[in-house]
Number of protein chains: 2
Amino acid sequence: MTTILFVEDEAPIRDLVRFALSRAGMTMLEAGDNAEAERLLASRRPDLILLDWMLPGGSGIELLRRLRRNPELRDLPVIMLTALAEEEQKVRGLEAGADDYLTKPFSPAELVARIRAVLRRATGADEQGRLRFDSLELDPATRRAWCRGHPLQLGPTEYRLLHFLIAHPGRVYTRAQLLDYAWPPDEAREERTVDVAIRRLRKALEPHGAQGLIQTLRGAGYRLDHA
Amino acid sequence: MTTILFVEDEAPIRDLVRFALSRAGMTMLEAGDNAEAERLLASRRPDLILLDWMLPGGSGIELLRRLRRNPELRDLPVIMLTALAEEEQKVRGLEAGADDYLTKPFSPAELVARIRAVLRRATGADEQGRLRFDSLELDPATRRAWCRGHPLQLGPTEYRLLHFLIAHPGRVYTRAQLLDYAWPPDEAREERTVDVAIRRLRKALEPHGAQGLIQTLRGAGYRLDHA
DNA sequence: CGGAATTGTTACAGCTTTGTGACACCCGCT
DNA sequence: AGCGGGTGTCACAAAGCTGTAACAATTCCG
C-alpha cells in the first residue's frame, strides 16, 4: 500500500486530499506542521511526502532541507504544494530538492497523476505501477509476482524481500541493510535469517528458470542482477 | 446503456444536453435541484453526475460534499459545470472532489469527450451500471448480487464489502482499509471484524460454487481474484 | 594442503496470523 | 415489551510462517 505523508495545516484540504488518495488506493498520514511531521517520520516511513509551502511555525522548505540532510530520509520523494501567488517560491522549492511541485488549486486527478509520476521515477515502476527486472515482474497493487509469466508462490517475507530487491536491482545490500529495509522494524534478528530468506526466495524462483538472479557477494551481501 | 444524471435548473440547457447525450448513446436522468437529485439517487444509480454549480436552493458543491461522504455514492464520478464568470469557483468544485469540470458554454462534442474520459478512469461498471467479476454480479441500483445467476442473500455489511471488492478486483486491501471503505465511518472497530465479515461473505458465496474468489494474503489483507 | 571463515541447506519448534463458532448487544418492527 | 435479524467481539482451533540452530559445502588464504 502506498502511503503518503501530507503536511498541511488546513483541515479541509487534508480531507480533500485524503479522499482523492483513498480513491486511488493510497493511504494518507497527516501532519499539521513541521514538528508533527518529524515526529511521525521518526516511526513511520511513507512512500512520498506532500508538503505545503505555507505552514505555521516554519515554512515547508525547512522541513525539506532537514529531510535532505538525513541519510535515512534523503531518498523520500517530495512534492511541494504552492499557491499561485507563491510562484517564485516554487523555484526555491525545486532548488531545495523537491521532486515536483503542484500549484493550488489542483484537481484530484492531477494530484494523483503527479504522485504516480514521481513514484514511478523513484521506484522504477512502469505505467501500471509494476516493477520489472530481467524475467521477473512484481505488482504491488495485487501483491503478485511472476517469473517468465508464471505466478510465484511467495510468503510475506519472501515477497517483501523480492519487492525490495527488484526496486533496487544491481545494488549490493548487506544482511543488516536487508533486515532494515525488507523486514518489519520490530526487534532484533540474527543476520543469518537473511540467508535463509534468500534461500527460500531462490527456491521459489528456480522452478521457473530464473537461476543466478540473486547473487551472493562473499563478505558483502546479496544483489539482484542478470545472471 | 450509460446513464448520466444532470442536475441543472435551466430547462433549455437540459434539452440541449439530453440531445447531445442521446446522440452518443447515453440516457439522461434530470433533476432541477439538489433535493430532487438526492431523491433520485435514493432509487437509481447513474454512471456519472453532471452537476451545475449554480442551483436554486443550495449550490452544487453541497450535493457534491454530501455525495463524497456517502460510502454508496462515493465512487460516482462527478463533472462540474460552471459559467465563465464563475471561473474561480471551479476551483472550489475541484477541491470538493469533482473529477473534472466544464465551462459554459461548451460544445456537445466536448461534453461527451469529457464524460467518456472520466468514465474510463472510473470503476468498471458495464452499460447497465452493473458490476461483474468472474461468476459474480452486483447491481448497485437494486442492491442485489448474484453468483452464477443465483441471487445471493447478503446482509448490509456483506453487501457493502462485496460491492467494494468487486469494484476493485485484484487489489489487495488491508483490514484497516476495508474498514475505511466498506464500513460506515462512525466509530472505531476491531480489525478482526473484517475477518468475520469476510467469513460471512465467503459462506454466502460457497453454496453457489464460488470458492477461492476471496483470497487471504497473510500479513497483508484480502483480495478478490480468480481462484 | 589445511584450517578458518563464510555461505548453503535442512529441520523444527514456537509464534503469529487467520478461520470459526458462539454469544451478547443493538435496533427496528410488530 | 417482545422478537428477530444483523453485527461486533471474544475465545479457541487451525494453519502457515519464520527465526534459529546445527550441519554441510564452499571459498579464501597462508
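These figures come from a predicted structure and were not determined experimentally. Chain naming here is simple, since letters A, B, ... match the order of the sequence lines and numbering starts at 1 in each.
Residues of residues 162-175 of chain A having a heavy atom closer than 4.0 Å to DNA chain C, listed by number: A/Arg175.
Remark: B/Tyr222 is not in phosphate contact with C/dT17, judged by side-chain N or O atoms under 4.0 Å from OP1 or OP2. For B/Arg202 and C/dG19, the shortest distance from a side-chain N or O to OP1 or OP2 is below 4.0 Å. Residue A/Thr216 has no polar side-chain atom (N or O) positioned under 4.0 Å from OP1 or OP2 of C/dT6.
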- Task: Could you walk me through whether A/Asp134 and A/Leu213 pass side chain to side chain contact (heavy atoms under 4.5 Å, CB included), step by step?
- Result: CA-CA 8 Å; A/Asp134 203 292; A/Leu213 280 183; 3.7 Å; yes
Between N or O atoms, less than 3.5 Å apart, protein on one side and nucleotides 5-8 of chain D on the other: list the pairs.
{"from": "D/dT7", "atom 1": "OP1", "to": "B/Pro156", "atom 2": "N", "distance (Å)": "3.3"}
{"from": "D/dT7", "atom 1": "OP1", "to": "B/Thr157", "atom 2": "N", "distance (Å)": "2.8"}
{"from": "D/dT7", "atom 1": "OP1", "to": "B/Thr157", "atom 2": "OG1", "distance (Å)": "2.9"}
{"from": "D/dT7", "atom 1": "O5'", "to": "B/Thr157", "atom 2": "OG1", "distance (Å)": "3.3"}
{"from": "D/dG8", "atom 1": "OP1", "to": "B/Trp183", "atom 2": "NE1", "distance (Å)": "3.2"}
{"from": "D/dG8", "atom 1": "OP1", "to": "B/Arg189", "atom 2": "NH1", "distance (Å)": "3.3"}
{"from": "D/dG8", "atom 1": "OP2", "to": "B/Trp183", "atom 2": "NE1", "distance (Å)": "3.3"}
{"from": "D/dG8", "atom 1": "N7", "to": "B/Arg200", "atom 2": "NH1", "distance (Å)": "3.4"}
{"from": "D/dG8", "atom 1": "O6", "to": "B/Arg200", "atom 2": "NH2", "distance (Å)": "2.7"}

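Atoms CG (A/Leu201) and P (D/dC17) sit 14 Å apart, rounded to a whole Å. Following rounding to the nearest Å, B/Arg218 (CZ) and C/dT16 (C1') show an atom-to-atom distance of 7 Å. Between the CD atom of A/Glu191 and the C1' atom of C/dG8 there is a distance of 16 Å, given to the nearest Å. Taking atom CG of A/Leu161 as the reference point, atom C1' of D/dT18 lies 13 Å away to the nearest angstrom. For the pair B/Lys203 NZ and C/dT20 P, the interatomic distance rounds to 8 Å; values are reported in whole Å. Whole-Å rounding puts the A/Asp195 CG to D/dG19 P distance at 12 Å. In this structure, CG of B/Leu179 is placed 13 Å from C1' of D/dT9, rounded to the nearest angstrom. The distance between atom OH of A/Tyr159 and atom C1' of D/dT18, rounded to the nearest whole Å, is 19 Å.
In this structure, A/Arg74 contributes its side chain and A/Arg68 its backbone to a donor-acceptor pair below 3.5 Å. Listed for the A/Asp99 side chain is a donor-acceptor partner under 3.5 Å among the backbone atoms of A/Val78. Without hydrogens or angle criteria, B/His150 side chain to B/Cys147 main chain gives a donor-acceptor distance under 3.5 Å. Of the possible polar contacts, none joining the B/Arg175 side chain to the B/Asp195 backbone as a donor-acceptor pair under 3.5 Å is found.
Comparing D/dC28, D/dG16, C/dG19 by their nearest atom to the side chain of B/Arg192 picks out C/dG19.
Of the residues listed (A/Tyr159, A/Phe133, A/Tyr173), the one engaging A/Phe164 in a ring-ring contact (aromatic ring centres under 6.0 Å, His included) is A/Tyr173, and it is the only one.
With no hydrogens or angles considered, a side-chain donor-acceptor pair links B/Arg202 and B/Thr216 at under 3.5 Å.
Ion pair B/Glu30/B/Arg18 flagged as a salt bridge, since at least one NZ, NE, NH1 or NH2 atom sits closer than 4.0 Å to an Asp/Glu carboxylate oxygen.
Put simply, the side chain of B/Leu205 reaches to within 4.5 Å of the side chain of B/Leu136, judged on heavy atoms.
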